[in-house]
A.B. asks: 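The structure follows.
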Amino acid sequence: MKTTCPSCGAEIEFRYDDSFVRVCSHCRAAVARTDRGIESLGKVADLVPMESPLRLFADGYLGSQSFILVGMAQVRHAAGGLTQEWYAKFSGSWGWLAEAQGRYYMTFEVEGAQLPPLESLAAGSQVELPTMLGAKRMFTVAEVGGAKYVAANGELPFKLVPDGFYRFVDLSDGQGNFATIDYGAPGDSPTLYTGQQLSLADLHISGGEVAPPRDEKISSTRLACPNCNAPIDLRAPEQSLRVACAYCSHVLDLQQGTLRVLEKLKLKADPRIPLGSVGTFAEGEMTVIGYVQRSADIEGDWYAFDEYLLYEPTIGFRWLVCSDGHWSYVQPVATGAAEISTKGIKYDGVNFRLFQSATLRVDTVVGEFYWQVKAGETVLGEDYVAPPAMLSHESTEGEENWSLSTYVKPSAVEQAFGKAQLVLPPTSGIAPNQPDPTQGVASVLTLSLLALIALGIVFAALAPEVEKYSNTSIVIPPTAAAPEAVPEGTEPPTPANVFFSEPFALDADKNIDLRFNTSLSNDWSYVVASLVNVATGDVVSVDASMEFYSGVEEGEYWTEGNQNAHEVVGPVPGGQYVLRLETQHGGGGEAMMSVVVRQGVFRARYFGLALAVLGLPFLIFGTWSYSVEKRRWTNSTEGKMPKTPFLILIGGFALVLGGIVAILKAIAESSSDS
Amino acid sequence: MTADDKRPPDHPVVPRPKRSLLAPFMLVFCVLVVGGYGALAYTQRELGTEDRDQIPSSVRSSPGGYRSYSFWHTGYHGGK
């Protein structure tokens, strides 16, 4: 429908039947069509030049549905930020496409929703709201604020009142769904809009009007400080609201290319990374455009840390934070994405433990900022850690922000800025999100320990321990008399202290356990045991000592030593064997000895040795990990040190002790049986 | 398109802890310890506690055979 502007008489066209307001491109009057005709709602201000990939009458796709951007309004938030709201004409419906700080939110009106009163909502509140598809979802309030329309263009589906103020609540469900409740002016009924946060690629934008000449665009990136006349380079002029002069330390308000002095900072900023430096990070190249020194109130003492604001138009804003010489790369996280769990906060499948809760204060700034930064302003900050990540939550009365920090080594920061000669501060202590240098070692050790225990159980259970020979009546004579002389060429008789068994069978590939038991009393005995292969003459020999003393001293019975001993021989070829024993004992008279030969016995000694060898690194790495965690959590205001490193330490100790005990027991068994 | 591209905006991936460079060395160490124990337990071998020798066939075929006094007390003494 074509008509004339009631304000200037120029021809204007309503291209769409359901558009309500057309902004006259000649006089900037907001022209509304009603059932009573055409009327002017007043003039809107000239558009504030903003860099945007969106254009009036540009086409786009959302899923399979096409749309066209037929109008746009610029909205000035009460906090100072400027956003653009585009009106997307779909077939039979309208969508609202909000554009702010490189983010895009497409929402649609949801009619008939029961909405809570504005007064009941605050940042962080949770509200169940219906979505476009009718299903209800739990949303978290990200911001409660107010805004006014300052400029507009094209056709609009509602009655835009220039400079009209409205109240709003922005919400997110943390899964990409976004909602805005428009409470309008006091007395108005609220309207719900729900949709999704999208990337520019999701919108498939193409075409549109050629952008008008940008005379008022802050094309010059160099302005003069109104206080000291020093040059100020602006690197994100269309996003910035505040600029701090590096020369005179005055904070300046930036509105449409004009700088206005606000305050003088008490503390001169001294960034380690010069403003304008370009660094390469995982997300791409980013420019340092601002620096903030903030302090955290820890039990009454203020601890300073540095924050560098990074910007790249296609990425948005990021932060590089330095605290105690430790660096983190910080990305924004949608409100509602983090959920409270029994272990703290859960985000992206990871549990974060509360580490610190403190008031954060801005001490000094330099550079440019997308919000109205002010020295002395404070927020409540909470940090939750899951090294190398840290989830931070900052809240004020009307807004809450979440961000994800990833630990960056100082060398990686230097590398990110290439050849820039950075003088980075030395690190001190352990950062909240600094990775544990022993990461992964505990799991390797634990799995190995479990494997070793399983092996030990299997070998112990499968050990057959079959008796092959036994004799309980071997006499040990008092002395080992030398044989009498015999004629040459004849064999002397076997001495009395030498015993030969009858042949018995031994299996191949099984160890042989020789157990000796004597009737020693206040005496010692020594035995050399030899297994002789009858067929081949192969001999395997071991020896064992036993001694046993007892008595009564001051009315108390005491014993010392052991009447038993055992020795284990490795596998021998299978066949018939004879056991030869050559014995001695120290006392007079005869002593009795029994011997048992068994095969396939479980060797606890080696199991204990392996346990001890594994226990040693458990102890070393457990101590190391415990030390790291203790130093990390010393700086915590809220959280308690996790138990895992401590348990590893205890486990290491227990293993080493257990292994040593097992070895000592095995050695004691072999030297003197009980 | 990577998995990261499909995530909603402002949903950065939480970096997972990287294994320490020591972990592979510890893995080798643990494999040696557990494997060594397994091999020792499976083969039932002993770590050098016995003396091994052979009675010559001339001795075995002589009077007394392996009971030969001269073998045990001149040529071979057995034990420690």
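Computed over heavy atoms, backbone and side chain alike; hydrogens, waters and symmetry mates excluded. Letters go in sequence order (proteins before strands), and every chain restarts at 1. Remember, it's a predicted structure, so these values are computed and weren't measured experimentally.
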A.B. asks: Is it the side chain or the backbone of A:A535 that comes within 4.5 Å of chain B heavy atoms, both, or neither?
C.D. replies: backbone
A.B. asks: What closest approach, in Å, do B:P12 and A:Y347 show between heavy atoms, and which atom pair accounts for it?
C.D. replies: O-OH, 2.6 Å
A.B. asks: Can you say whether A:F352 sits under 4.5 Å from chain B via the side chain, the backbone, both, or neither, judging by heavy atoms?
C.D. replies: side chain
A.B. asks: Report the option among A:A201, A:G176, A:P332 that has the most heavy-atom pairs separated by less than 4.5 Å from atoms of chain B.
C.D. replies: A:P332
A.B. asks: Specify the closest pair of heavy atoms between A:F459 and B:G38, including all atoms of both residues, with the distance to one decimal.
C.D. replies: CZ-O, 3.7 Å
A.B. asks: In terms of heavy-atom pairs under 4.5 Å, which option from A:L445, A:T536, A:N533 contacts chain B the most?
C.D. replies: A:T536
A.B. asks: Identify the heavy atoms of B:R45 and A:P571 that sit nearest to each other, and give their distance.
C.D. replies: CA-CD, 3.9 Å
A.B. asks: Examine whether an atom of A:L452 lies under 4.5 Å from a heavy atom of chain B, and if so say whether it belongs to the side chain, the backbone or both; otherwise answer neither.
C.D. replies: both
A.B. asks: One pair to check against side chain to side chain contact (heavy atoms under 4.5 Å, CB included): A:V441 and B:F25. What are the steps and the verdict?
C.D. replies: CA-CA 9 Å; A:V441 173; B:F25 291 103; over 6 Å; no
A.B. asks: Is A:P435 close to chain B through its backbone or its side chain, or both, or neither, when contacts mean heavy atoms under 4.5 Å?
C.D. replies: neither
A.B. asks: Of all heavy-atom pairs between A:V613 and B:V33, which one has the smallest distance, and what is that distance?
C.D. replies: CG1-CG2, 3.5 Å
A.B. asks: I'd like to know which of B:V34, B:V31, B:L21, B:L27 tops the heavy-atom pair count under 4.5 Å against chain A.
C.D. replies: B:V34
A.B. asks: Among A:P388, A:G316, A:A610, single out the residue with the greatest number of heavy-atom pairs under 4.5 Å to chain B.
C.D. replies: A:P388
A.B. asks: Which bit of A:V527 comes within less than 4.5 Å of chain B, counting heavy atoms only: side chain, backbone, both or neither?
C.D. replies: neither
A.B. asks: Name the option with the most non-hydrogen atom pairs under 4.5 Å to chain A; the candidates are B:A23, B:G35, B:P9.
C.D. replies: B:P9
A.B. asks: Measure distances from A:F602 to the heavy atoms of chain B and classify the residue's part below 4.5 Å as side chain, backbone, both or neither.
C.D. replies: side chain
A.B. asks: Hey, could you give me the CZ/CG distance between A:R603 and B:L47, rounded to the nearest 0.5 Å?
C.D. replies: 8.5 Å
A.B. asks: Check whether any side-chain heavy atom of B:L22 lies under 4.5 Å from a side-chain heavy atom of A:W624, and answer yes or no.
C.D. replies: yes
A.B. asks: Assert yes or no for the condition that the ring centre distance of B:Y37 to A:Y606 is strictly below 6.0 Å.
C.D. replies: no
A.B. asks: Sort out for me which of A:L447, A:V534, A:L614 touches chain B most, counting heavy-atom pairs under 4.5 Å.
C.D. replies: A:L614
A.B. asks: Does A:S448 use its side chain to pair, donor to acceptor, with the backbone of B:C30 at less than 3.5 Å?
C.D. replies: no
A.B. asks: Chain B heavy atoms under 4.5 Å from A:L198: which part of the residue, side chain, backbone, both or neither?
C.D. replies: backbone
A.B. asks: Could you give all pairs that pass the salt bridge (Lys or Arg N to Asp or Glu O under 4.0 Å) test and reach residues 10-31 of chain B, with sequence neighbours left out?
C.D. replies: A:R103-B:D10, A:D348-B:R16
A.B. asks: If I compare all heavy atoms of B:H11 with all of A:A334, which pair ends up nearest, and what's the gap?
C.D. replies: CE1-CB, 3.6 Å
A.B. asks: Taking side chain as everything from C-beta outward and backbone as N, CA, C, O, which of these in A:Q175 sits under 4.5 Å from a heavy atom of chain B? Side chain, backbone, both or neither.
C.D. replies: backbone
A.B. asks: For A:D509, is the CG atom crowded, meaning more than 12 foreign heavy atoms sit under 6.0 Å from it?
C.D. replies: no
A.B. asks: Taking every non-hydrogen pair under 4.5 Å, which of A:G174, A:A386, A:S199 racks up the most with chain B?
C.D. replies: A:G174
A.B. asks: Under 4.5 Å heavy-atom distance to chain B, tell me which part of A:T335 shows up: side chain, backbone, both or neither.
C.D. replies: neither
A.B. asks: Given the options A:G600, A:A529, A:A451, A:G349, which has more heavy-atom pairs under 4.5 Å with chain B than any of the others?
C.D. replies: A:G600
A.B. asks: To the nearest 0.5 Å, what is the distance between OH on B:Y42 and CG on A:L462?
C.D. replies: 11.0 Å
A.B. asks: Within the distance-only criterion (no hydrogens, no angle test), does the side chain of B:E46 pair as donor or acceptor with the backbone N or O of A:G570 below 3.5 angstrom?
C.D. replies: no
A.B. asks: Can you see which heavy atom on B:P17 is nearest to which on A:P387, and at what distance?
C.D. replies: CG-O, 3.5 Å
